[in-house]
Protein chains: 2
Amino acid sequence: MASIAHELAKKQKEISVSEFFEKNKHILGFDSLTRALITAVKESVDNSLDACEDAGILPEVFVRVKKERNNEYNVVVEDNGPGIVKKQVPNVFGRLLYGSRFHARAQRRGQQGIGVSAVVMYAQITTGKPAKIRSKISDDDVAHQCELVMDTKKNRAQSTKEDFVIWDKEHGTRLEVNLKGKYVQGRQSIFEYLKGVAIVNPHARLTFVPPDGGTIVFERSTEDMPPPTKEVRPHPEGVELGELLTMAKYTEAKKMTSFLNTEFSRISLRVAREVLDHADVPHDQKPSRLTLDQAGAIVDAVHRVRIMAPETDCLSPIGEGLIRKSLKNVLGDLKASFYAPPITREPKVFAGNPFVVEVGIVYGGQLNKEESVQILRFANRVPLMYQQGACATTQAIENVDWRRYGLEQRGGKGIPFGPAIILVHVASTKIPFTSESKEAVANVPEIREEIELALKACARRLKTHLNKAERKSKTRVKFDIVQDIIPMIAQKSAKIVGKPVPDIAGTITKIMNVVWVEDGVTFDKKKHHVSVKLYNYTPKSQRLHVHMVLPYDGVVGKSLSLEPAEVRNGGKVTWDVKRIASTEVFELSFDMKGLDKDEYDENELYVSGIDPASVIGADVLPGDWDLEHVKITEEKPAEADEGAENGEVDYDEGAEVIEDEE
Amino acid sequence: MASIAHELAKKQKEISVSEFFEKNKHILGFDSLTRALITAVKESVDNSLDACEDAGILPEVFVRVKKERNNEYNVVVEDNGPGIVKKQVPNVFGRLLYGSRFHARAQRRGQQGIGVSAVVMYAQITTGKPAKIRSKISDDDVAHQCELVMDTKKNRAQSTKEDFVIWDKEHGTRLEVNLKGKYVQGRQSIFEYLKGVAIVNPHARLTFVPPDGGTIVFERSTEDMPPPTKEVRPHPEGVELGELLTMAKYTEAKKMTSFLNTEFSRISLRVAREVLDHADVPHDQKPSRLTLDQAGAIVDAVHRVRIMAPETDCLSPIGEGLIRKSLKNVLGDLKASFYAPPITREPKVFAGNPFVVEVGIVYGGQLNKEESVQILRFANRVPLMYQQGACATTQAIENVDWRRYGLEQRGGKGIPFGPAIILVHVASTKIPFTSESKEAVANVPEIREEIELALKACARRLKTHLNKAERKSKTRVKFDIVQDIIPMIAQKSAKIVGKPVPDIAGTITKIMNVVWVEDGVTFDKKKHHVSVKLYNYTPKSQRLHVHMVLPYDGVVGKSLSLEPAEVRNGGKVTWDVKRIASTEVFELSFDMKGLDKDEYDENELYVSGIDPASVIGADVLPGDWDLEHVKITEEKPAEADEGAENGEVDYDEGAEVIEDEE
């Protein structure tokens, strides 16, 4: 037995990180030939986009995939980024767990220091050929280029065949590798990946030259860079006890007060003292002396002292306007019948990392009713192509009861069926991926719950749209009949009894008994014109509140046909329409400017203060609209109304006549 | 701009593997408090089971989880393994990417050198408390114990508070950690994990003391260790070009012939020479001199030269008998109505790694008809609890059209619905997990396809069972009516016309016109008695072939009521039943010994040489049964038969009488 324990001991040895990943390439996304090729492009492009944004450059990325021989492809990815200084090339491209973004708390695509080096390694493992790198930084006149040979046992790369070349580019980087792979088209393909990149990076211009020839260009839909994101220090509420001890051990701060103040965000010296007092730790104690109990006390204290929420200027969501715009831009050929106004939630925090969730839904058009909905997943503006089932995004979608929002779903669980595409984007200073291949967001409760809330909010907007469409078409039928038949009857009967044709407006209202809402948006001369017509087809005069969600800053004050009673944050606007006499119509209208055509093309419209059953064309105000100033009086008996009286009289006569006739 | 390139350069730095995983704990399976606790137990238990099996010890593993305070738990895992020599403890438990199993090509639970050290790290990060380790190797009289403090910046652990203690164990190891977690019950829980371990490790004895008190023991259902698995060298067919170059660079072999012969499995010196000749590489060339082109030529040559398939004695599947046995053992309380005979496929290879797939299906009983089927996933005898959606196992299940096998499934895709549990076990010298948390098998095409084949084979057995059940119950109704009614009519009408009651057997057969198969298995005095009764309820005499899948070695020759016409490998047995006269019954029966009761309790029964539509109780022989000697003659006109003639005559009389009566 002893022998065994000792034998085993002999076998124990260290594993180099590159050895580990050489043997576990599938963890990095190289589990099949098809995926390997996509992963190689993905990691390289993500790298290029990060580099450009770090330098505030509008990205121009060029991708070329060429078939060398059976199962061997040549991949080139070229960008207009700042370039990489010569001596760093072997580290950036030839060394795993090495990079600039791992230690930074900021929203980046790459955060692990693995991605692009993994591509170089995989290429070398499968074809034995070194990667070719060319890079130019703007204060050099020429580009330097080299070939990298990786030693996976040591996790180091050697730069060979170094040279300087003329490059007609001010600055940029070019990676060229030969690797074993398989080029395919369809749902999981390089094309679909680049399409996804275009959707969530409207500021990037992408060019793709596929193996089968031709050139595909994804033009940018905006010239504005996303606002630059700041780096942040960890927020104290997220810190684990053990981490705190380690930080205290390695800090340069001399005293606990300065330690807390300098290492964490949102901890002023004042707050630091407050925390230390709660934890009963001396202000000027040396951080390295921090004991386990003291650390525990500080972690507890942090939750008792009031500390500001983390900064959020470290995040760069895409924004509701741009999501809708680029969805249309890229998915236009689907002719979808409805683009639900996207949702961008307020930033939240997990383990000290701020994050924000965005959701958009596309419905109808040429999308297949019989299949399960398509899911577009994004993290820090990167499309996620694989491991959908492992992703918190998918789990959130499966948790929502979509039957309540007009989609099919067995037992109210699982991925729903219907003609829809659901887009989810998670942006954070730290995306918790389930693996180094960065294809699925880990099931962190805080994140999953945020996604569910965003999905529900967006789904409500979809439902509103579907309701409206359905109820309108139904009532429309009844309405048309009434409007055709009644007048005919009136005329005919009038003729028979030799009386003048009666005014039958009242009769129609009596039969219809609805308030009909027609709303629309037109775009002309850089202006959106919004019109909401309220037809009172009831025998009584009506009063009601109209509510809309608008980019209200854009509204041209003088164009308003009626001043809002209230304007809330998030552009929640409420009008008080005091009186529409029976059979009359009231038009609420105004212009908006400063928006692109696509940014506003459907009104989110609600009514209140009236029996919702009697309104066609607008939904009742959702409960989550907590109005401040306007008091909503629920539907009250309306005062008598002459028009209606007349109507009734005529109606009775008409009725008699009809009877006579039979 | 230059400044940026240089600025970025300054930020570039190395990341230690432990830093990486400290920041990415979710990759290791610590993404939520609930999962963290399960992962901690899982990694420790897997480690214990591997240690025991390495040493050929029947595993006794003790697990205790105790609540310390809100969200802090104390976890103890103790085994009777060989123990760990003192100086290796800090490496085994306190260092990531360090271990004995990474470089070995053998079927083990742990293969990464991360798992248990990750537990120690997570515990320290979240509670700041060091892990306590105690270990005893059999040639020491006392156990040594210590506390480990990890330095995550350096990925090294320091052993503190070392001591020797008396331990009433011959040998073993005990790990104790305090960590942040949440204890839950239900589908994803420590209990369910241990239950899974018991199912696929029938030789292990597990004891669990949960926080809420009590003690749960999973007894072993066999005393036999799984056969020890050998280590193997890589199979040449899986080697990548770049890997070959690296191996050639580091080999100790002096010549190419000995290099190929010593570094790869299945390459004799003769084969080595043959390969080198094909590749046009000198036999005695120094491996270190191998060029890229030569390496490429060798890789190609390997596929042209005939090389034996990889050894498979490096694998330890559970086996069809044991899977069924332990499924019943552990899931017995479900009272399932049917345990489909499990399938263990022949070993296959991916990237030079042998692997084998096993599948079992449990059906009916108290399982819910309305929910989607439960999936039990296992890899190298470890239950997989999370990331079901990312697993090749799940994808294989989703790819099968289960509607053909009696389960509900929308559009023939996705996870089916029905009262079933599907068990899938993948065993390999190298399981390609999607991440270090080892919860999902990567979607490697070779593996996924094998799983699909196994699922279909097992599903066919389920379908056979469901068919039998359904058709029998339907026909039974008809049968009962006929058997009750006809005689009554016969008697009544005979009385009326004053004739003797006719023999109506023929009438019944005419109406039924089926061959009724009743088969059963009984167990008594260590023997299985199998009986297959063939009732010929047709007006003609019948000839047919009966086919069964049996552990034929167990069959007692002299007990056979009819000698088989053919016995094939895999226990495929065929009988030729030459003649069963109309209205008569033939019984085929025999005894089997040497099997446990649970190992055989349902016959897999097929017929051929007869119109399947006229057989109730047995399915027609599947096409994949390629019989050798027996010639199957499809249903042929049977010779006239007296019994039948009489029947017809009586029947006609009866019919007349009935008419008279109206």
Side-chain angles (χ1 to χ4, degrees), chain A residues 1-2 4-6 8-9 11-15 17 20 26-27 31-32 54-55 82-85 88 91-92 97-100 102-103 113 124-129 137-139 152-153 171 240-243 245-246 250 292 295 370 387-390 394 411 432 434-435 440 442-445, chain B residues 1-2 4-6 8-9 11-15 17 20 26-27 31-32 54-55 82-85 88 91-92 97-100 102 112-113 124-128 137-139 152-153 171 240-243 245-246 250 292 295 370 387-390 394 411 432-435 440 442-445:
Chain A
M1 198 62 65
I4 290 168
H6 286 288
L8 291 176
K11 289 194 192 160
Q12 300 282 4
K13 57 178 160 174
E14 181 170 12
I15 304 151
V17 62
F20 177 81
H26 47 271
I27 288 184
D31 57 7
S32 70
D54 283 343
I84 294 158
V85 296
Q88 282 293 358
N91 289 330
V92 172
L97 291 188
Y98 189 97
S100 60
F102 177 82
H103 295 91
Q124 179 176 318
I125 293 171
T126 53
T127 67
K129 294 175 188 165
I137 64 176
S138 60
D139 53 352
T152 52
K153 288 235 191 303
H171 45 76
E240 298 283 7
L241 202 155
E243 285 173 329
L245 284 166
T246 317
Y250 285 93
L292 177 57
E370 285 315 306
Q387 298 184 15
Q388 176 171 301
T394 312
T434 58
S435 88
N443 192 349
V444 175
Chain B
M1 198 61 67
I4 290 168
H6 287 286
L8 292 175
K11 288 192 189 163
Q12 300 281 4
K13 56 177 163 178
E14 184 172 8
I15 304 152
V17 60
F20 177 80
H26 46 272
I27 289 184
D31 58 6
S32 70
D54 284 342
I84 295 159
V85 297
Q88 280 294 357
N91 289 329
V92 172
L97 291 188
Y98 188 96
S100 62
F102 178 81
Q112 304 183 328
Q124 179 176 318
I125 293 172
T126 52
T127 66
I137 65 178
S138 58
D139 52 354
T152 52
K153 288 242 192 300
H171 46 75
E240 298 282 7
L241 201 154
E243 286 173 328
L245 284 167
T246 317
Y250 286 94
L292 177 57
E370 285 315 304
Q387 297 185 14
Q388 176 170 298
T394 312
F433 288 109
T434 58
S435 87
N443 192 351
V444 175

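Residue numbers start from 1 in every chain, and the chains themselves are labelled A, B, ... in the order their sequence lines are given, proteins ahead of strands.
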Contacting region of B:I125 [heavy-atom separation from chain A under 4.5 Å]: both
Are the side chains of B:L241 and A:T126 in touch, meaning some heavy atoms are under 4.5 Å apart? no
May I ask you to test the A:T246-B:Q124 pair for a side-chain heavy-atom distance under 4.5 Å? no
Between B:Q388 and chain A, which part of the residue has a heavy atom less than 4.5 Å away: side chain, backbone, both or neither? neither
Among B:V444, B:V92, B:N443, residue most engaged with chain A (heavy-atom pairs, under 4.5 Å): B:N443
So for B:D31, is it side chain, backbone, both, or neither that comes closer than 4.5 Å to the heavy atoms of chain A? both
Contact leader toward chain B among A:Q88, A:K129, A:E240, where contacts are heavy-atom pairs under 4.5 Å: A:E240
Any side-chain heavy-atom pair of A:H6 and B:I137 under 4.5 Å: yes
Less than 4.5 Å to any heavy atom of chain A: does that hold for the side chain of B:P445, its backbone, both, or neither? side chain
Heavy-atom contact with chain B under 4.5 Å, split by part of A:T127: backbone
Taking the side chain as C-beta and beyond, is there a heavy-atom pair between A:H26 and B:T434 under 4.5 Å? no
For B:F20, is it the side chain, the backbone, both or neither that has a heavy atom under 4.5 Å from a heavy atom of chain A? both
Are A:E14 and B:L97 packed together at the side-chain level, in the sense that at least one heavy-atom pair is separated by less than 4.5 angstrom? no
